[in-house]
Amino acid sequence: MLPQLLEDRTVLTPLDSADTLEKRAIRRWNIAIVSGLIFAVLIVVVVLLTLGRGCKSCDDEVEALKCFYPLGGGETAGSLIQPRLSSGLCQNAFFKYTSKKGGRYWQDIEMVVTSIRKTLLAKERSVLLPNESQMVIFDIDETVLSNLDIYKRMGFGHFVQEDFDEWVLSSEAPAIPGMPSLLHDIWKTGASIGFITGRVEQLRNATAKNLKFAGFGEKCSESGTATTMCYEELILRGEGPHVDALTYKQEARAELSKEFQIVSSTGDQWSDLLGAPRPSIIFKMPNPFYYLP
């Protein structure tokens, strides 16, 4: 029986074995190619689905940029609120921008404060001389004092004049980060410091109290000491005919320029800075929350 079994048994020749191995290799290669193609298709599908879901987010981010346009959103002359700022999109954008945890607002402030310091106080090329006839001008709100707390409470756009007036009268607005030390170092050079604010004259006492509370000292004529930081001028809007912010600030600088050489001006609105007489050095603080022409 053994010989018969051996005769019936299929025996692979060396050539047949090679052909079979090649077929198996080709089959495995084909399987690998198909598997790779399927995997690639899946990757493409996942990416497309992700992009599809992200488009809405991208559109929102692009739309939110409009909230930060210089003329976009916020309080305008006459306390007119532009509806766009009251949208949930803008409110969320501003809350994110001003977040204490990584909000870009604080980085933007730091960049400007650093720029002022490097420009005015650099030891190798300081533009300030120990001369009280030189003056450095600052706006107050959103320049040296922050009203962010009350704007957050009002939802960045739901402006309530009574609430804001109560806030100002409390004299508790904190200093813009970095500003007290900056102004102190400017004062130490011997140059004079002046404030021009859009606040009305009736708020002089509350404003002066707030400046002292925030670390900016008192008016030099009232400080009683030459060893403590003080400021020479605090100009507020008088009771005359109302003019726009640009005109008012120009007129205030014109008055100061009769007595002082104005070296630089810093403000959060372009109306704080533009118009003649204008110093050759100006610094714009970040403020997308409201616009004052």
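Fair warning: this is a prediction, and the values are worked out from it, not measured in the lab.
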Contact between [X] and [Y] at the side-chain level, heavy atoms closer than 4.5 Å - yes or no?
X	Y	result
Glu255	Glu233	no
Val112	Lys284	no
Asn147	Glu142	yes
Leu182	Val144	no
Leu120	Asp185	no
Pro180	Met229	no
Trp106	Lys100	yes
Leu183	Tyr231	no

Can you hop from [X] to [Y] via hydrophobic side chains spaced under 4.5 Å?
X	Y	result
Met111	Tyr97	no
Ile282	Leu246	yes
Phe213	Leu169	no
Ile140	Leu148	yes

Atom of [X], atom of [Y] and distance for their closest heavy-atom approach:
X	Y	answer
Trp167	Arg153	CZ3-NH2, 3.5 Å
Val168	Arg199	CG1-NH1, 3.5 Å
Val113	Pro177	CG2-O, 3.9 Å
Ser146	Ala173	O-CB, 3.5 Å
Leu145	Ala214	CD2-CB, 3.5 Å
Ala206	Ser171	O-OG, 2.8 Å

I'd like to know if the side chain of [X] reaches the main chain of [Y], judged simply by a donor and an acceptor atom lying under 3.5 Å from each other, with no hydrogens or angles considered.
X	Y	value
Arg278	Ser265	no
Glu132	Ser192	no
Ser264	Ile281	no

Look at atom CD of Glu239 and say whether more than 12 heavy atoms of other residues, nucleotides or ligands are closer to it than 6.0 Å.
no
Atom [atom1] in [X], atom [atom2] in [Y]: separation rounded to 0.5 Å?
X	Y	atom1	atom2	value
Asp165	Asp163	CG	CG	9.0 Å
Asp141	Ile176	CG	CD1	9.5 Å
Asn210	Ser170	CG	OG	7.0 Å
Leu236	Gln202	CG	CD	9.5 Å
Ser99	Tyr105	OG	OH	13.5 Å
Arg204	Glu201	CZ	CD	4.0 Å

Between Arg253 and Gln250: side-chain donor-acceptor atoms closer than 3.5 Å
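No.
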Starting from Met135 and following side-chain heavy-atom contacts under 4.5 Å between hydrophobic residues (I, L, V, M, F, W, Y), which residues can be reached?
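Answer for Met135: Ile137, Ile196, Ile235, Val243, Tyr248, Leu256, Phe260, Ile262.
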Out of Asp272, Asp268, Asp244, which one pairs with Lys249 under the salt bridge (charged side-chain N to carboxylate O under 4.0 Å, His left out) rule?
Asp272
When the ring planes of Phe216 and Phe195 are compared, do they come out parallel, tilted or perpendicular, using 30° and 60° as the limits?
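Taking Phe195 first and then Phe216, their aromatic rings stand perpendicular (interplane angle over 60°).
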